[in-house]
Amino acid sequence: MTSRRSFVSGLAAAGLGTSAVFRDSAISSLFRANLIAGDRSPDQVAEDENYWSQIQRAFDVDRTMINLNNGGISPTPSHVLEQMIRDLRFTNELPVEHMWRVLEPRIESVRRDLAREFGCDPEEMAITRNASEANEIMILGLDLKRGDEVVISNQNYGRMITTWEQRVRREGIILRQVSFKVPPPSQKYILEQFKAAVTPATRIIEVTHITNLTGQIMPIRELVEFARPRGIEVLVDGAHAFAHFPFTRDDLQADYYGTSLHKWLLAPIGTGFLYVRKDKQKKLWPLMPAAATQDNDIRKYEEIGTHPAANHNAISAALAFHRGIGADRKIARLRYLRDRWAKRLIKESPRVKILTPLDSKYSGAIALISVDGLDFGKLGTWLMTNHRIVNTPISHPEFTGLRITPNVYTTVDEIDLFADKMTHAIRKGIT
Ligand SMILES: Cc1ncc(COP(=O)(O)O)c(C=O)c1O
C-alpha cells in the first residue's frame, strides 16, 4: 500500500517542489484519493465517487450554479490560489526586491516542470499569459511575403483567424480556410481536407489540437508528417489540449505549440505556454521585441515588461495537483462524465445529435449537442436563467448547438440534473 511518505516523495521525484507549494490539506486529499484508487485501472476509478469526492474538495467553487462551461476558463484548486495570493502579498511588501529578485527567477522551475510534462527541453519552453499570446507569437512571428499561402480550418479559434486576417490586410498573404463535417467520418477525412487546400505557395498550416467548438481532436502528427517534407510549417493551437488528455511533444512531432494553462491544467487565470523547437527559435520573432543577443533564447518571448510573478509561479502547484491525479485517470473521468449525459440523451430521442465523436480517442470532456426542433440559443438561455446551468451556445455557419464541458470538480449529481432538464426540454419544450 502507498505510504503517505512515498506518495509525497513520488511527487517530489517527479520534479515538483511540493514542500513550498503544496498545502498540507491538498496533499491529504490527493493522498486519500490515491489510497481509494489503489491499483485499479483509470476506467474503474472514473466511476468511483469516493475517489472523485476527494478531488472535488480541493476546490472552493460556487455550487449555486452548475458550471458546464469549463471550455472557457476553469477555477484553480484552493491551494494553488492561496500560493498565488501569498506571493502577491509578499510582492507588494517590496516589489522591486521581492518580486524581481526573489520570485521572478523561480520561473525557471516552472519552465523545467512544464518542459518535463510536455516532453521537451526547458530551453524550448516559454511561459506566456494565455494561449492567445502564445498563438499570436506563432502567427505573427514568421516572415511571410505577399502571395504566400496559409491553410487553416474554419473551425480554428476566432481570435487566431482574426490574427491571420490582419496579416492578409497588412501584408497581402493568402488565407485558405478548409471546412470539415462534424463529427467527421474519420481522421483521414480531416487530413484530406487540409491536403486538398495545399498548393506550391503554402508556407504554413495552423491547426487546433482540439477544437473549442465540438471538442474534435485533430490528426496533428499526420499533418506534420505530410507538411514537413514539403517545407510547410505546422503551428498547433493547443489551448484546450494540454493536461486535458495525455500526449507529449514527440507524439505530435510538433515544432510550435501554444496552450492556455488556466483551462485544463487548472493553473491560475493568466497562464499559458509557447513551445518552439530549438532550431526554429531564430526565425520566429517575438511579439514584443528582444535584443539580437536573445535570438536563440526561448526567454525572448517573455520580454513583456512588468507583470506579476505570482501567477506564473503558481503553475507548478497546479501541475503537481494534475500529476497527483494522473493524466490517464483524469481523461477517463472526463469521458465518463461526458458519456453519462450524452449517451443518456441520445437514448432519449432520435432528435438528439452529438456532433462530437463518442467512443473514440479523438475527443475528451467537450461535446456539442443539438436537438432537432429546439432553438439552441433559447435552450441555452432557459438552462441558464431557469436552472442556473452554465452552458455555451455555439453558432458556426455550418452547425449550431450547446457546448457542454464538465471538469474534474463536477459532480455526477450536477451532470444528472443537466440531463434531467434536457430530457424535460426534449419531451415537453422549454416553456
Ligand atoms: C482553440 C482555442 N484557441 C485559443 C484560445 C484562446 O485562449 P485564451 O483566451 O486563454 O488566450 C481558446 C480559448 O477558448 C481556444 O478555445
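This one's a predicted model, so the numbers in the text were calculated from it and none came from an experiment. Counting starts at 1 for both ligands and their atoms, in listed order. If you read the sequence from its start, that first residue is 1, and numbering goes on from there.
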Q | Spacing of Glu165 atom CD and Gln177 atom CD [to the nearest 0.5 Å] | A | 6.0 Å

Please tabulate, for side-chain N and O atoms in residues 365-378, each donor-acceptor pair with protein atoms closer than 3.5 Å (sequence neighbours left out).
from, atom 1, to, atom 2, distance (Å)
Asp372, OD2, Lys353, NZ, 3.1
Asp375, OD1, Gly377, N, 3.0
Asp375, OD1, Lys378, N, 2.8

Is it true that [X] and [Y] have a side-chain N and a carboxylate O under 4.0 angstrom from each other?
{"X": "Arg176", "Y": "Glu149", "answer": "yes"}
{"X": "Glu104", "Y": "Arg299", "answer": "no"}
{"X": "Glu123", "Y": "Arg111", "answer": "no"}

List ligand 1's nitrogen or oxygen atoms that come under 3.5 Å of a protein nitrogen or oxygen, with the partner atom and distance.
from, atom 1, to, atom 2, distance (Å)
ligand 1, 3 (N), Asp237, OD1, 3.1
ligand 1, 3 (N), Asp237, OD2, 2.6
ligand 1, 7 (O), Ser260, OG, 3.4
ligand 1, 10 (O), Ser260, OG, 2.7
ligand 1, 10 (O), His262, NE2, 2.7
ligand 1, 11 (O), Ala131, N, 3.3
ligand 1, 11 (O), Ser132, N, 2.8
ligand 1, 11 (O), Ser132, OG, 2.6
ligand 1, 14 (O), Lys263, NZ, 2.7
ligand 1, 16 (O), His240, NE2, 3.2

Q | Ala33 to Gln54 - nearest heavy-atom pair and separation | A |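 Taking Ala33 first and Gln54 second, the nearest heavy atoms are CB-CB, 3.7 Å.
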
